[in-house]
Amino acid sequence: MTLFIVATPIGNLGDISFRAVEILKSADIVAAEDTRTAQKLFAKFDIHSRLVAFHAHSTERASANLIAKLKSGKSVALISEAGTPGISDPGFALVRAAIESKISVVPIPGACAAIAALSASGLRMDKFIFLGFLPRKKGRKKLIESLRDESRTVIFYESPHRIAKTISQFTEILGGERKIVLARELTKIHEEFFRGDLSAAIEFLESKKIRGEFTVLLAGLD
Ligand code: SAM
């Protein structure tokens with residue numbers, strides 16, 4: 001039948017769309033990366049659909065199961081822990097498998113940390129690239145070096161315990177004057193934007209105990 005790719009909030013539950021709630025209510029199966037987060041969403045919006053787990057490590061087998069259900073006429077809504085499924089989250093393999101099986105795939109758009117961060121960053125947003133999470137080791141340095149002459153805004157995700165190290169590494173490779181924006185805890189109570197250069201970003205990160213989730217935006221060269 002139909003596979004719905006449903007975006008869910010990245011913090012503030014008010015960011016779910018009416019259509020997303022309707023689809024989650026009417027779907028035969030909701031496949032969720034994190035069933036505990038999904039249960040909170042279900043409780044808040046009075047959703048009672050069948051919930052199944054769909055995480056990164058079980059993607060292939062779980063995909064095959066869901067494709068079988070879709071082929072038997074069931075509708076499936078995919079949600080990730082937060083934001084848009086497939087964007088640095090599980091989903092890609094399922095979407096591709098559904099398309100190969102001629103199943104219709106329908107996006108239900110909504111929150112995405114990268115796009116929310118970009119929209120309020122003050123950096124150029126007519127052209128940008130999204131790198132997801134940077135590689136941890138192999139190819140990391142080369143990738144950062146390749147951004148030296150990049151003219152587009154570069155967006156990537158980073159975990160809170162690695163952010164300071166990452167910004168130091170960027171400073172070493174690109175120099176302290178490159179402009180950067182750190183979007184922290186978007187849509188949540190402690191939402192905060194740091195806008196400045198890489199040297200100042202290091203000071204900002206050292207100035208207080210860093211908590212929460214970060215989306216990083218590196219300014220392109222003008
Ligand atoms: N699928 C999600 C989306 O559409 O944004 C992204 C999932 S990815 C596993 C999680 C990463 O997204 C976090 O480590 C962080 O870098 C970024 N992120 C998620 N929520 C965020 C928020 N509220 N504020 C800032 N960054 C966030």
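As the structure lists them, so they are numbered: ligands from 1, and atoms in each ligand from 1. Note that the structure is a prediction, hence the values are computed from the model and not measured.
Under a 3.5 Å cut-off, the side chain of Thr153 and the backbone N or O of Leu123 do not form any donor-acceptor pair.
At least one heavy atom of Phe133 sits less than 4.0 Å from an atom of ligand 1. Note on ligand 1: Thr187 sits outside its first shell, no heavy atom being nearer than 4.0 Å. Using a 4.0 angstrom heavy-atom cutoff, Ala183 counts as in contact with ligand 1.
Below 3.5 Å of separation, one finds no N or O of Cys112 facing any N or O of ligand 1. Of the N or O atoms in Ile87, one or more lie within a sub-3.5 Å distance of an N or O in ligand 1. Taking any N or O of Ser88, backbone or side chain, none lies under 3.5 Å from an N or O belonging to ligand 1. Between Ala82 and ligand 1, a contact under 3.5 Å exists for at least one N or O pair.
When Thr215, Thr84, Ile79 are checked for heavy-atom proximity to atom 4 (O) of ligand 1, Thr84 turns out nearest.
The closest protein non-hydrogen atom to atom 3 (C) of ligand 1 is Tyr157 OH, 3.5 Å.
Considering Val76, Thr2, Ile29 as possible partners of Leu70, the one that fulfils the side chain to side chain contact (heavy atoms under 4.5 Å, CB included) test is Val76.
For Lys188, every heavy-atom contact with ligand 1 shorter than 4.0 Å involves the side chain, none the backbone. Here Phe214 has backbone heavy atoms under 4.0 Å from ligand 1, and that is the only part of it that gets that close.
For ligand 1, the atoms lying closer than 4.0 Å to a non-hydrogen atom of Asp89 are 1 (N), 2 (C), 7 (C), 9 (C).
A salt bridge links Glu213 with Lys188; the closest basic N to acidic carboxylate O contact falls under 4.0 Å.
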Side-chain donor-acceptor contacts of residues 161-174 below 3.5 Å, not counting sequence neighbours, with atom names and distances?
| from | atom 1 | to | atom 2 | distance (Å) |
| --- | --- | --- | --- | --- |
| Arg162 | NH1 | Glu158 | OE1 | 3.4 |
| Thr166 | OG1 | Arg140 | NH2 | 2.8 |
| Thr166 | OG1 | Glu158 | OE2 | 2.6 |
| Thr166 | OG1 | Arg162 | O | 3.0 |
| Ser168 | OG | Ala164 | O | 3.0 |
| Gln169 | OE1 | Arg140 | NE | 2.7 |
| Gln169 | OE1 | Arg140 | NH2 | 3.4 |
| Thr171 | OG1 | Ile167 | O | 2.7 |

